[in-house]
Amino acid sequence: LTCFLIIYSLTGYTQTKESFDLVSFEVPKGWKKVTGNGSVNYSITHKEQYAKLIVYKSIPGTGDFNTDFEKEWNDLVAVPYKTSAAPELTEDNLPNDWKIKSGTSAFSFNGSRSVVILMTAISKGNKISLVFLTNSDTYMGALETIGNSLQFKKAKAITGNTIATTNNQPKISSSYTFNTSKDRKSVV
């Protein structure tokens, strides 16, 4: 039993509770946190395998769920990661009047297949987007755990005259760099 608990904690299954803007979630311990302009990133790498979570600050939406998701897909996924295939979509209703739409697609990074998942949540004129990236089945369980732990705070209503007609998400870089240390690499 002791060996199992040690292995369990070393493989990243212990979680740490995080909050950013209107959303809270659990991230496996050992993931590197970087706070950016309007977003927070969590990443982990081991050899050539990586996983990354980007949580964007809430911004006013257009008021149309599908339009907001399509805009976020284009700006946060299709353009920076050069995906051309239409995403596989799912939708769900969440507590506190949130609706969420997710899209999944493959893309190529450094010649290997990667997967990107966009989750856009909408409530009372607010929208929040999260982007999950990985090139390994090893991290799919961690990404699923993060997704299942999402909790959205009750949002204040945004009135019609403040609803966005353009996307206010910060610009993101479409390139990654790998910083190499002795036997670890990190996605930046």
Side-chain angles (χ1 to χ4, degrees), residues 12 15-45 50-62 64-81 83 86-107 109 114-136 139-155 158 164 167-174 176 187-188:
Q15 306 288 316
T16 181
K17 188 78 168 180
E18 296 284 335
S19 288
F20 182 72
D21 195 27
L22 296 175
V23 64
S24 63
F25 45 91
E26 293 181 0
V27 177
K29 287 189 179 180
W31 285 44
K32 181 181 172 185
K33 179 180 178 179
V34 177
T35 303
N37 180 25
S39 67
V40 64
N41 302 290
Y42 299 87
S43 63
I44 189 164
T45 60
Y50 75 90
K52 186 172 187 176
L53 164 66
I54 308 164
V55 182
Y56 292 93
K57 185 172 175 49
S58 65
I59 60 174
T62 64
D64 181 88
F65 187 50
N66 292 320
T67 299
D68 283 341
F69 179 82
E70 289 168 13
K71 180 87 171 124
E72 296 291 275
W73 181 264
N74 184 65
D75 294 348
L76 302 178
V77 176
V79 171
Y81 303 110
T83 62
E88 294 179 32
L89 301 173
T90 61
E91 288 185 33
D92 202 0
N93 292 313
L94 301 174
N96 293 325
D97 299 319
W98 286 93
K99 281 177 68 172
I100 194 162
K101 190 172 200 174
S102 299
T104 305
S105 186
F107 71 100
F109 173 64
S114 293
V115 174
V116 59
I117 302 167
L118 169 70
M119 298 175 76
T120 298
I122 313 279
S123 178
K124 299 178 182 175
N126 297 277
K127 72 176 172 181
I128 297 175
S129 289
L130 299 91
V131 175
F132 300 98
L133 307 156
T134 190
N135 68 346
S136 173
Y139 297 114
M140 290 306 287
L143 295 180
E144 185 175 325
T145 299
I146 293 166
N148 289 336
S149 72
L150 291 173
Q151 294 181 338
F152 294 89
K153 298 174 187 172
K154 195 167 187 97
I158 295 178
N167 188 7
N168 298 325
Q169 291 290 13
K171 296 282 185 202
I172 62 172
S173 169
S174 62
Y176 292 114
V187 178
V188 179

How about [X] and [Y]: do any of their side-chain heavy atoms sit closer than 4.5 Å?
| X | Y | result |
| --- | --- | --- |
| Ser123 | Ile128 | no |
| Val131 | Tyr56 | yes |
| Lys101 | Leu89 | yes |
| Leu150 | Leu130 | yes |
| Glu18 | Val55 | no |

Which heavy-atom pair separates [X] from [Y] by the least distance, and what is that distance?
| X | Y | answer |
| --- | --- | --- |
| Ile44 | Gly30 | CD1-O, 4.3 Å |
| Asp75 | Pro80 | O-CD, 3.4 Å |
| Pro28 | Ala142 | CG-CB, 3.9 Å |
| Leu53 | Trp31 | N-CZ3, 4.4 Å |
| Thr35 | Val40 | OG1-CG2, 4.0 Å |
| Ala155 | Lys124 | O-CD, 3.3 Å |

**Message:** The criterion is ring pair (Phe, Tyr, Trp, His ring centres under 6.0 Å); which residues satisfy it with Phe25, sequence neighbours excluded?
**Reply:** Tyr42
**Item:** Residues that Asp97 engages under side-chain hydrogen bond (donor to acceptor under 3.5 Å, both in side chains), provided they are two or more places apart
**Value:** none
**Message:** Determine whether Ser129 and Glu72 satisfy the following criterion, side-chain hydrogen bond (donor to acceptor under 3.5 Å, both in side chains), listing intermediate values before the conclusion.
**Reply:** CA-CA 7 Å; Ser129 289; Glu72 296 291 275; 2.7 Å; yes
**Request:** Would you sort out whether Asn41 and Lys52 count as a side chain to side chain contact (heavy atoms under 4.5 Å, CB included), showing the intermediate values?
**Result:** CA-CA 7 Å; Asn41 302 290; Lys52 186 172 187 176; 3.9 Å; yes
Got a sec, which residues hit side chain to side chain contact (heavy atoms under 4.5 Å, CB included) with [X], two or more places apart in sequence or on another chain?
| X | result |
| --- | --- |
| Ala78 | Trp73, Asn74, Thr83 |
| Ser114 | Tyr50, Phe107, Phe109, Asn135 |
| Lys99 | Phe65, Asn93 |
| Glu144 | Asn148 |

**Request:** Keeping the roles fixed (side chain from Lys127, backbone from Phe69), state whether a donor-acceptor pair exists under 3.5 Å.
**Result:** no
**Test item: Trp98 side-chain N/O and Asp92 main-chain N/O as donor-acceptor pair under 3.5 Å** = no
**Asked** Rounded to the nearest 0.5 Å, how far apart are CG of Leu76 and OG of Ser39?
**Response** 9.5 Å
**Nearest-0.5 Å distance, CZ of residue Phe132 to OG of residue Ser102** = 8.0 Å
**Request:** Kindly determine whether Glu91 and Asn66 satisfy side chain to side chain contact (heavy atoms under 4.5 Å, CB included), including the steps that lead there.
**Result:** CA-CA 10 Å; Glu91 288 185 33; Asn66 292 320; 4.1 Å; yes
